[in-house]
Amino acid sequence: MNATITLPDELIRRIAEAYAELASASRSQSEGSTFVTPDAAATEILGCKRQRVYDLLSSGALTRYKDGSRTLLKRSEVEEYVLRTAEVAR
């Protein structure tokens, strides 16, 4: 069963601003970390379950990079995805 929630534009703007502040703080803490694992992308950046990250990779919304058997994502690409989706939701 799917439900649709409509949020006021002002709330979406405030959420996007709060995320930008958190992303900035996260970036300064993990400076030099260009790539993240799907787990880190889910918990630290997107605030979602790991499966959502794999769904985004499968759909082509995010790019998958491989290091041996490890799957990695560019931190900047994941952060840009969040900002793009926040803009669309307005």
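All values below come from the heavy atoms of this structure, side chains included, with hydrogens, waters and symmetry mates left out. For clarity, every value in this text was computed on a predicted model and none was experimentally measured. Just so you know, residue 1 is the first one in the sequence shown, and it goes up from there.
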Check: Taking 4.0 angstrom as the limit, do Arg75 and Glu44 come out as a salt bridge?
Finding: yes
Checklist line | Arg13 and Glu10 ion-paired at < 4.0 Å | finding: yes
Next item on the list: Taking the side chain as every heavy atom from C-beta outward, state whether Leu46 and Tyr81 have any pair of such atoms under 4.5 Å apart.
Entry: yes
Check: Hey, what do you get for OH (Tyr65) to CG (Leu73), rounding to the nearest 0.5 Å?
Finding: 9.0 Å
Next item on the list: Hey, could you give me the CD1/OG1 distance between Ile12 and Thr85, rounded to the nearest 0.5 Å?
Entry: 10.5 Å
Below 3.5 Å, can you tabulate the donor-acceptor pairs from side chains in residues 55-64 to any protein atom, sequence neighbours excluded?
residue, atom, partner, partner atom, Å
Asp55, OD1, Gln51, NE2, 2.9
Ser58, OG, Tyr54, O, 3.1
Ser59, OG, Asp55, O, 3.4
Ser59, OG, Leu56, O, 3.1
Ser59, OG, Ala61, N, 3.4
Thr63, OG1, Glu77, OE1, 3.4
Thr63, OG1, Glu77, OE2, 3.0

Next item on the list: Compare every heavy atom of Pro38 with every heavy atom of Val53, then report the nearest pair and how far apart it is.
Entry: CG2-O, 3.8 Å
Notebook entry, point to check: Hey, which of Thr34, Val36, Thr37 is the one that makes side-chain contact (heavy atoms from CB on, under 4.5 Å) with Leu72?
Noted result: Thr37
